[in-house]
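The model shown is predicted, which means the values in this text are computed figures rather than measured ones.
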Amino acid sequence: VQPAQAAPGICVGPVCGDGFSRSAKHSFQLRLRLSDQAGHHERVTVDCRDGRISPVSGPVERGYGSAVARRVCRMVG
């Protein structure tokens, strides 16, 4: 049995992010969908000023999730 593959997008390790959108109210916030190779998915908000992800905990590993979020923030400026 093969493990489920993460969604295409920006990947760091086993976690990928896609579905990026900027907050209409706060230009420093991005919304994105995180997924991992175990099949976990969730929508998170990242504060690009300091790289914090909200919610703080969830089914996708936060170390890799934070790295994906920081990379996306750097790319969108």
Side-chain angles (χ1 to χ4, degrees):
V1 174
Q2 290 188 348
Q5 296 299 311
I10 310 252
C11 299
V12 175
V15 176
C16 293
D18 63 0
F20 316 115
S21 63
R22 190 174 297 277
S23 168
K25 188 173 181 181
H26 302 289
S27 63
F28 56 85
Q29 287 183 339
L30 292 176
R31 299 257 314 139
L32 63 137
R33 181 176 180 256
L34 293 177
S35 59
D36 64 16
Q37 291 178 347
H40 301 116
H41 305 282
E42 65 179 307
R43 290 286 291 174
V44 299
T45 301
V46 59
D47 183 331
C48 288
R49 298 173 299 181
D50 59 13
R52 278 188 286 152
I53 291 179
S54 178
V56 175
S57 64
V60 176
E61 201 280 321
R62 285 303 190 253
Y64 289 116
S66 293
V68 169
R70 287 190 306 271
R71 183 176 286 178
V72 170
C73 286
R74 284 192 305 266
M75 291 177 70
V76 298

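Using a distance-only test at 3.5 Å, with no hydrogens or angles considered, a donor-acceptor pair links the side chain of Arg22 to the main chain of Ser27.
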Show the numbers, then the answer: is there a side-chain contact (heavy atoms from CB on, under 4.5 Å) between Ile10 and Leu32? CA-CA 11 Å; Ile10 310 252; Leu32 63 137; over 6 Å; no
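To the nearest 0.5 Å, atom CZ of residue Arg43 and atom OG of residue Ser35 are 11.5 Å apart. With values rounded to the nearest 0.5 angstrom, Asp47 atom CG is found 6.0 Å from Gln29 atom CD. How far SG of Cys16 is from CG of Leu34: 9.5 Å, rounded to the nearest 0.5 Å.
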Under 3.5 Å, side-chain donor or acceptor atoms of residues 56-67 against the rest of the protein: list the pairs with distances, not counting sequence neighbours.
from: Glu61; atom 1: OE1; to: Gly63; atom 2: N; distance (Å): 3.0
from: Glu61; atom 1: OE1; to: Tyr64; atom 2: N; distance (Å): 2.8
from: Glu61; atom 1: OE2; to: Gly63; atom 2: N; distance (Å): 3.1
from: Arg62; atom 1: NE; to: Pro55; atom 2: O; distance (Å): 3.3
from: Arg62; atom 1: NE; to: Val56; atom 2: O; distance (Å): 3.2
from: Arg62; atom 1: NH1; to: Glu42; atom 2: OE2; distance (Å): 2.7
from: Arg62; atom 1: NH1; to: Val60; atom 2: O; distance (Å): 3.0
from: Arg62; atom 1: NH2; to: Glu42; atom 2: OE1; distance (Å): 3.0
from: Arg62; atom 1: NH2; to: Pro55; atom 2: O; distance (Å): 2.9
from: Arg62; atom 1: NH2; to: Ser57; atom 2: O; distance (Å): 3.2
from: Ser66; atom 1: OG; to: Arg62; atom 2: O; distance (Å): 2.9

Identify all side-chain donor-acceptor contacts of residues 69-77 below 3.5 Å with residues at least two apart in sequence or on another chain.
from: Arg71; atom 1: NH1; to: Cys11; atom 2: O; distance (Å): 3.2

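Within 6.0 Å of CZ on Arg52 lie no more than 12 heavy atoms contributed by other residues, nucleotides or ligands.
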